[in-house]
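Before any comments, here is the structure.
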Amino acid sequence: MTRTLPSQYDPFDAEPRWQRFWEEHRFYTPAADDPGEPFSIVLPPPNVTGSLHMGHALCFTLPDVVVRYKRMKGFKTLWIPGTDHASIAVHTLIEKALRKEGTSRFGLGREKFLERAWAWKDQSHGEITGQLRRLGLSLDWTRECFTLDEQRSRAVVTVFIDLFKKGLIYRGKYLVNWCTASQTAVSDLEVDEKEVKGHLWHLRYPVIGSEESLVVATTRPETMLGDTGIAVNPADPRYRHLIGREVLLPIMNRQIPIVGDPAVEMDFGSGAVKVTPAHDQNDFEIGERHHLQLINLLNPDGTYNENAGPFAGQDRFDVRKGVVQLAEEAGWLVKTEDYTHNVPYSERGGVPVEPYLSDQWFMNVSGMAERALKAFDEEQLPTFVPERWGKVYRDWLIRLRPWCISRQLWWGHRIPAWHVVGQSVPPIVTTDEISAYAEAHKLYGPDVKLERDEDVLDTWFSSGLWPFSTLGWPDQTEDFKAFYPNSLMSTGFDIIFFWVARMTMLSGEFTGQSPFHTVYINGLVRDEKGQKMSKSKGNGIDPIELMDRYGTDALRYTLVREVTGAGQDVRIDYNRAKKESNAVDASKRFANKIWNASRFVLMKLDDLTPVQLGAPEPEHLDLPARWILARLDETSRELNTLLDRYALGEAARTLYEFIWDDFCDWYVELAKPRLEEASTRRVTQQVLAYVLDHLLRLLHPWMPHLSEEIWQLLHQPQQATSISIQPYPSGEATPQTVPATFALMQQVVRTIRNLRAFAQVPPLQSVPEVLLHSANPEERTALESTRDYILYLGRVEALHLSEQTEGDLKRVAAGVTGTVQVLLPLAGLVDVEELSTKLGRSLDKLKSETATLQGRLENADYIQRAPAEKVAETRTKLTELEAQAALLQEQLARLV
RNA sequence: GGGCGUAUAACUCAGCGGCUAGAGUGCAGUCCUCACACGACUGAAGUCACAAGUUCGAAUCUUGUUACGCCCACCA
């Protein structure tokens with residue numbers, strides 16, 4: 001009885017089946033006290049802003065390959081999934097929706113707004129977790145987290161209070177990047193510079209008590225209304241004498257001082273700079289150094305306030321026009337130049353950000369950064385793969401500035417601080433309102449009234465705690481003890497600053513160690529034109545579309561296979577109209593190839609499992625069996641080495657070659673006749689079953705569903721188990737060398753096939769005989785031992801082995817491989833001319849090769865300096881090539 | 001202004017001191033062989049961007065040049 005399987009693999013049937021199976025049976029849910037060395041990792045939480053894109057698919061599939069490998073290697077493996085509340089992103093989405101409905105968050109109120117946000121989150125979360133499952137990731141869903149859930153919120157509050165008590169979180173009036181669209185502060189990292197064609201306006205301010213005047217250049221003339229100083233370089237001979245004097249600021253008619261500051265570039269513009277400390281970061285710093293006044297001109301919505309004199313109430317862009325017009329009319333506009341410069345835009349709001357003076361919460365991270373630097377420099381923690389990203393990380397840590405952690409939004413972790421109404425005293429920072437009042441009463445008497453701070457925390461505050469908050473911290477849970485620190489973090493290089501650095505800093509502060517040992521940095525996914533996929537460009541490819549067409553395993557395999565040097569970008573060819581991708585299609589065909597090879601094996605096993613068949617016994621093995629088993633071990637060893645180095649793509653390619661070239665094209669073909677013969681059937685079954693079993697395990701990290709499907713068919717397990725928890729082949733059990741005779745046989749077969757094609761013999765037609773000539777007796781013995789294989793694979797009826805060339809070469813197709821001459825006698829005359837050309841070309845190539853090698857050997861330096869083994873190698877090679885050339889020459893000679 | 005990456009077959013990419021520089025796709029030829037036409041076999045296809053250097057030996061290391069791409073930075 002044989003099993004009948006469809007001739008095409010159907011991923012759409014198999015994949016959801018195994019995904020449910022894995023989750024139901026909790027193969028990926030380790031207990032904290034399970035035996036084994038831990039291997040732990042957390043999923044970089046996707047934003048609940050919508051659905052996943054190709055970048056996610058790549059970023060999550062890569063670690064899944066590692067995680068599945070480690071689990072099979074016997075590690076106690078934990079991979080925790082989760083999602084991120086994405087404060088500003090979700091907030092912006094909801095506000096956009098409200099605007100369409102003709103209202104705003106202020107019209108709706110905080111409570112209703114948050115209801116909307118939670119509803120949005122639920123929907124997006126459902127979509128995302130569905131996609132994560134569809135990708136076949138071996139996540140432990142029983143431990144799923146959300147950055148805004150109760151336990152994670154506890155971690156956030158704990159950290160906030162602690163850092164506040166240490167004085168590392170503080171509140172103050174500082175210049176922040178203000179997004180006038182979402183009316184919140186944003187961090188430096190959330191600002192994108194855009195090149196904009198603007199103007200450089202030169203304005204003249206008269207120096208008081210002098211005939212002189214100073215010309216300043218500016219790209220934002222409207223800010224002159226808030227100027228409180230002029231700065232020049234103290235080394236500048238043009239202006240040195242004016243330091244300490246004052247100019248009269250037009251429009252506002254304010255007297256403002258001229259100060260000397262080395263930050264001023266003498267070569268740029270006029271060499272004199274207007275200083276607006278409340279509206280420019282540089283100016284703010286100059287202002288601090290020289291105790292200049294701060295005048296805020298801006299309202300949160302981007303209009304100018306009462307400090308703007310005649311321009312109060314106007315929008316910032318209108319004020320610019322107004323000021324320029326006034327300057328022109330009054331004659332203090334010296335000139336206007338076209339000027340292309342970078343303008344900071346709010347990443348989320350899409351409008352130019354304004355440096356804005358406001359009350360914000362900050363985190364002083366300098367101490368934490370120092371600690372992270374020390375861990376990196378002294379212990380290589382974390383270790384970056386590839387290494388070069390470590391430098392990027394390091395440079396960033398050195399230049400860190402205080403982190404603005406407050407956002408004037410509603411969706412997020414509300415800051416746990418209560419302000420005392422009507423009193424200018426420090427806020428009370430604590431866990432909840434009741435304890436806030438308790439403390440307030442103690443400090444300020446029974447009548448105080450408190451108001452909770454309106455702001456929420458930057459999203460990255462909670463993400464920064466992710467490696468340990470997901471393990472239950474601040475509680476000292478069993479999970480935390482067993483699985484912290486994490487073994488690996490896999491993420492894109494674009495968030496090394498946003499995220500990786502913040503995790504290492506906060507982890508150092510709160511857990512005393514690096515949150516993870518290794519950081520694996522993956523590249524971007526690019527589209528068919530090589531452009532970065534992004535929502536704004538609309539060139540994203542939905543991974544679901546590719547999975548719908550080709551199956552999950554095909555997509556996974558493609559993504560990983562295309563990743564070569566880790567951190568390199570991945571380009572997916574894609575025909576948008578047809579929704580087709582050659583690369584993914586190739587992987588699908590690989591999957592189908594494996595399916596069919598397995599189908600063949602299963603049909604030939606007489607319904608016996610590998611266990612029932614027993615392992616192949618070394619003493620009964622023939623050459624092909626010894627060869628494929630040795631190649632299996634060799635491949636296993638290579639895969640282990642490569643995977644340990646995170647060379648996931650290279651490992652994928654190595655396995656591909658083994659499965660397709662060695663197993664399918666050579667071993668399975670040779671197994672066919674041996675299965676027909678009673679005496680060799682059993683051992684061949686054993687080898688086929690054994691190799692299939694092991695190659696499936698080798699394959700499992702990349703193609704979990706396909707490998708599981710076949711493995712289950714092969715083993716017919718009586719109880720629920722999974723290939724994903726079977727040992728990964730190490731290749732160390734039988735470290736045999738690959739038999740060289742097999743390679744000789746392959747060469748001869750290839751040459752025969754080549755000659756057949758040359759003589760236009762159809763693939764299925766047998767040729768009556770082939771003559772092999774070799775002067776080497778050992779080689780003849782080796783060839784003799786592979787006679788059957790050559791006959792079968794070459795479709796030859798008879799093989800004549802001899803020491804010397806014989807026969808009429810006008811009636812043969814001839815070729816040479818190594819030192820073996822292969823002659824294929826033909827029924828008719830060969831096209832002598834064509835054969836001569838062909839052989840002549842081979843000979844020319846050989847001769848140039850030979851010349852190269854000869855030249856090398858004639859070089860005394862080479863003999864002296866190159867390693868002896870290389871020299872010996874060259875000699876052997878040369879002898880071989882010369883013999884080959886001689887054979888070819890002889891053939892050619894006999895042709896004419 | 002600093003820093004990084006990439007340039008190899010028509011296309012997408014491997015190889016990163018010593019194999020006759022490889023794969024997949026595409027192309028050409030022969031075949032629907034009882035696992036697979038999502039397949040088998042065979043073939044054609046390359047000044048390894050350019051230049052100089054180091055080395056016995058360079059696609060591979062160094063320097064420079066060119067082209068493309070990315071990151072960081074307070075020249076108003």
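Atoms considered below: every heavy atom in the structure, side chains included; atoms not considered: hydrogens, waters and symmetry mates. Proteins get letters first, then strands, A, B, ... in listed order; numbering begins at 1 in each.
- Counting to the nearest Å, the P atom of B:A21 and the CD atom of A:Glu849 are 6 Å from each other.
- One interatomic measurement links the two molecules: CD1 of A:Ile398 to C1' of B:A73, which rounds to 14 Å at whole-angstrom precision.
- Here the CD atom belonging to A:Glu880 is positioned 12.0 Å from the CD atom belonging to A:Glu849, to the nearest 0.5 angstrom.
- Computed from coordinates, the A:Phe497 CZ to B:C71 P distance equals 10 Å when rounded to whole Å.
- Between A:Phe658 and A:Phe663, the two ring planes are parallel [angle under 30°; tilted spans 30° to 60°].
- Summarising the geometry of A:Arg320 relative to A:Trp201, their closest heavy-atom pair is CD-CH2, 3.9 Å, with the distance given to 0.1 Å.
- The distance between atom NZ of A:Lys391 and atom C1' of B:G5, rounded to the nearest whole Å, is 13 Å.
- When the C1' atom is used for both B:U25 and B:U66, the distance is 30 Å, rounded to whole Å.
- We find that CD of A:Glu869 is positioned 14 Å from P of B:C19, with the value rounded to whole Å.
- For A:Tyr862 and B:U55, the shortest distance from a side-chain N or O to OP1 or OP2 is not below 4.0 Å.
- For the C1' atoms, the distance linking B:A59 with B:A7 amounts to 12 Å, nearest Å.
- Nearest heavy-atom pair across A:Ala583 and A:Glu562 is CB-OE2, 4.3 Å.
- Remark: the separation of the P atoms in B:C70 and B:C50 is 25 Å, to the nearest Å.
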Counting primed atoms, P, OP1 and OP2 as sugar-phosphate and everything else as base, the B/S/- map of nucleotides 34-44 of chain B against protein heavy atoms under 4.0 Å is -BB-BSSSSS-

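- A:Glu580 CD: more than 12 foreign heavy atoms inside a 6.0 Å radius.
- Between the CG atom of A:Leu791 and the P atom of B:U33 there is a distance of 22 Å, rounded to whole Å.
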Please tabulate, for the side chains in residues 547-558 of chain A, all donor-acceptor contacts under 3.5 angstrom to protein atoms that are two or more places apart in sequence or on a different chain.
residue	atom	partner	partner atom	Å
A:Asp548	OD1	A:Arg134	NH1	3.1
A:Asp548	OD1	A:Arg134	NH2	2.9
A:Arg549	NE	A:Lys579	O	2.9
A:Arg549	NH2	A:Lys578	O	3.0
A:Tyr550	OH	A:Ser581	N	3.0
A:Tyr550	OH	A:Ser581	O	3.4
A:Thr552	OG1	A:Glu15	OE1	3.1
A:Thr552	OG1	A:Arg134	O	2.9
A:Asp553	OD1	A:His705	ND1	2.8
A:Asp553	OD2	A:His705	N	3.2
A:Asp553	OD2	A:Leu706	N	2.7
A:Arg556	NE	A:Trp702	O	3.1
A:Arg556	NH1	A:Asp64	OD2	2.8
A:Arg556	NH1	A:Leu135	O	3.0
A:Arg556	NH1	A:Gly136	O	3.3
A:Arg556	NH2	A:Asp64	OD2	2.7
A:Arg556	NH2	A:Pro701	O	2.7
A:Tyr557	OH	A:Ala652	O	2.7
A:Thr558	OG1	A:Ala554	O	2.6
A:Thr558	OG1	A:Ser587	OG	2.7

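- Between A:Phe498 and the options A:Ile496, A:Ile495, A:Val500, a side chain to side chain contact (heavy atoms under 4.5 Å, CB included) holds for only A:Ile495.
- A:Tyr393 and A:Phe384 have tilted rings, their planes meeting at an angle from 30° to 60° on a 0 to 90° scale.
- B:A58 and B:G15: their C1' atoms are spaced 14 Å apart (whole Å).
- Judged by closest nucleotide on RNA chain B, A:Tyr656 is the one of A:Pro762 and A:Tyr656 placed further toward the 5' end.
- Comparing the same atom, C1', in B:U12 and in B:C27 gives a spacing of 16 Å after rounding to whole Å.
- Taking the side chain of A:Phe493 as heavy atoms from C-beta on, and the options B:C4, B:A73, B:C70, the nearest nucleotide is B:C70.
- For the pair A:Lys274 and A:Tyr205, the NZ or CZ position fails the cation-pi test of under 6.0 Å to the six-membered ring centre and within 45 degrees of the ring normal.
- Considering only the side chain of A:Glu562, B:U12 comes nearest among B:U12, B:A76, B:C4.
- Residue order along RNA chain B, read from the 5' end via each residue's closest nucleotide, puts A:Asp395 first among A:Asp395 and A:Lys845.
- Rounded to whole angstrom, the span from the CZ atom of A:Arg795 across to the C1' atom of B:C31 amounts to 10 Å.
- Separating the CD atom of A:Glu285 from the P atom of B:A76 is a distance of 15 Å, rounded to the nearest angstrom.
- For the P atoms, the distance from B:U42 to B:A23 is 11 Å, rounded to whole Å.
- Here the closest non-hydrogen pair linking A:Pro221 and A:Val324 is CG-CG2, 3.7 Å.
- Rounded to the nearest Å, the gap between the C1' atom of B:A9 and that of B:A49 is 15 Å.
- Looking at every heavy atom in both residues, A:Asp283 comes nearest to A:Thr276 through OD2-N, 2.7 Å.
- Rounded to whole Å, the separation between the P atoms of B:U60 and B:A52 comes to 13 Å.
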For RNA chain B, the dot-bracket notation using Watson-Crick and G-U wobble pairs below 3.5 Å, [ ] for pseudoknot-type crossings and | for other-strand pairs, is (((((((..((((....[...)))).(((((.......))))).....(((((..]....))))))))))))....

